[in-house]
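Step one of this worksheet: look at the structure below.
Throughout, residue positions are numbered sequentially from 1 according to the sequence presented.
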Amino acid sequence: MDILIDANIILDVFFQRSPFYEKSLQILQYCENGRVEGFVSAHSVTTMWYVLRHEFSLEERRKMFKLVFSWCRIASVGQGELLSALDHNDFSDFEDCVQDECASSVHARYIITRNKKDFAHSKIPALLPAEFIRLM
C-alpha cells in the first residue's frame, strides 16, 4: 500500500513532539520494514529543512534526511502537479492542494497527516496516524 506522509508527521519524529511522536514514528517504521511504501513530497523536504535549521546542524539534518530517504521515496512536484493544484478552489492552503496532487500522482491510497481537516476536499483520503495504525 502506498501512502503520502505529510511533513508534520516527519517533523513530529525529528522534534520528538509529545504526544505525537510515538504514532508518527510508527508510521515511519511501517515504511522502514516494508509494510507500506511511503512517499514524501519534494516540496515538503525543502520546507522541513528550513524548519529544522535552528535546532539541528547541517550534518545532523543530512543524516536525518538520508535515513528518511532510505525508508521513503520522494514524490516529485512538477508542472503537472502545480497546474492541477492551481485549478482547485476547494483548498484554503495551496501547499495542501499540492500535497494532494503529489499523493494522486504516486497513486497513494492515503495521506497521513495531523491536519486532516486541511484535506477535507482532497482526492486522496487523509488519515490521522492513529487511524492509519488501526487500519494496519
Side-chain angles (χ1 to χ4, degrees):
M1 171 187 329
D2 295 344
I3 61 172
L4 185 95
I5 303 168
D6 200 4
N8 53 46
I9 302 301
I10 296 170
L11 290 173
D12 287 344
V13 173
F14 287 166
F15 286 121
Q16 297 184 9
R17 292 179 184 154
S18 182
F20 312 110
Y21 173 75
E22 287 81 16
K23 292 201 177 0
S24 295
L25 179 61
Q26 193 168 351
I27 298 299
L28 291 180
Q29 288 171 333
Y30 286 155
C31 299
E32 177 189 22
N33 65 30
R35 289 188 70 188
V36 299
E37 183 76 34
F39 287 86
V40 179
S41 65
H43 74 285
S44 289
V45 173
T46 58
T47 300
M48 290 185 289
W49 188 270
Y50 179 80
V51 169
L52 294 165
R53 77 191 187 292
H54 292 298
E55 298 292 325
F56 298 95
S57 71
L58 177 63
E59 194 56 38
E60 288 171 322
R61 284 178 283 155
R62 285 183 174 153
K63 287 179 183 177
M64 293 159 72
F65 280 100
K66 285 180 181 181
L67 183 61
V68 170
F69 296 161
S70 73
W71 302 336
C72 299
R73 296 173 53 195
I74 302 301
S76 297
V77 180
Q79 185 171 352
E81 289 79 18
L82 293 172
L83 286 172
S84 186
L86 287 171
D87 287 336
H88 286 80
N89 296 322
D90 294 338
F91 281 83
S92 60
D93 185 335
F94 181 69
E95 190 272 336
D96 292 330
C97 191
V98 173
Q99 287 282 71
D100 185 45
E101 292 299 328
C102 287
S104 180
S105 73
V106 298
H107 309 290
R109 186 176 297 174
Y110 300 108
I111 297 169
I112 311 303
T113 183
R114 269 197 302 104
N115 298 323
K116 190 173 162 180
K117 65 177 175 20
D118 294 342
F119 294 93
H121 300 287
S122 66
K123 295 181 265 186
I124 307 300
L127 295 176
L128 299 170
E131 293 173 321
F132 185 72
I133 290 166
R134 281 193 299 271
L135 282 177
M136 294 299 289

(request) Taking S84 for its side chain and E81 for its backbone only, find out whether a donor-acceptor pair lies under 3.5 Å. (result) no
(request) Decide yes or no on side chain to side chain contact (heavy atoms under 4.5 Å, CB included) for C72 and I10, but give the supporting numbers first. (result) CA-CA 11 Å; C72 299; I10 296 170; 5.8 Å; no
(request) Might you confirm whether atom NZ of K123 has over 12 heavy atoms from other residues, nucleotides or ligands at distances under 6.0 Å? (result) yes
(message) With a 3.5 Å distance limit and no angle check, can you tell me whether S44 reaches the backbone of V40 through a side-chain donor-acceptor pair?
(response) no
(message) Minimum heavy-atom separation for Q99 and A7, please, with both atom names.
(response) NE2-N, 4.1 Å
(message) Is it true that, when you exclude E59 itself, more than 12 heavy atoms of the residues, nucleotides or ligands shown sit nearer than 6.0 Å to its CD?
(response) yes
(message) Testing W71, F56, W49 one by one against F65 for a ring pair (Phe, Tyr, Trp, His ring centres under 6.0 Å), which residue passes?
(response) W49
(request) Starting at CD1 of I111, measure out to CD1 of I5 and round the result to the nearest 0.5 Å. (result) 11.5 Å
(message) Between S105 (side chain only) and C102 (backbone N and O only), is there a donor and an acceptor less than 3.5 Å apart?
(response) yes
(request) Check whether the side chains of N8 and T113 place a donor and an acceptor atom closer than 3.5 Å, and report yes or no. (result) yes
(message) For M136, is there any backbone N or O sitting under 3.5 Å from a side-chain donor or acceptor partner on R35?
(response) yes
(request) Could you go through the side chain to side chain contact (heavy atoms under 4.5 Å, CB included) check for E131 and Y110 one step at a time? (result) CA-CA 11 Å; E131 293 173 321; Y110 300 108; over 6 Å; no
(request) Evaluate the side chain to side chain contact (heavy atoms under 4.5 Å, CB included) criterion for residues M48 and M64: first the C-alpha distance (whole Å), next the side-chain angles of each, then the deciding distance (0.1 Å), finally the verdict. (result) CA-CA 11 Å; M48 290 185 289; M64 293 159 72; over 6 Å; no
(request) Any chance you could pull the hydrophobic cluster mates of L82, using side-chain heavy atoms under 4.5 angstrom and chaining through other members? (result) V77, L83, L86, F94, V98
(request) Test I124 against L4 for side chain to side chain contact (heavy atoms under 4.5 Å, CB included), laying out the working first. (result) CA-CA 9 Å; I124 307 300; L4 185 95; over 6 Å; no
(message) Does atom CZ (R109) have a neighbourhood of more than 12 heavy atoms from anything else shown, all under 6.0 Å?
(response) no
(request) Could you tell me whether the side chain of D90 and the main chain of S122 form a donor-acceptor pair under 3.5 Å? (result) no
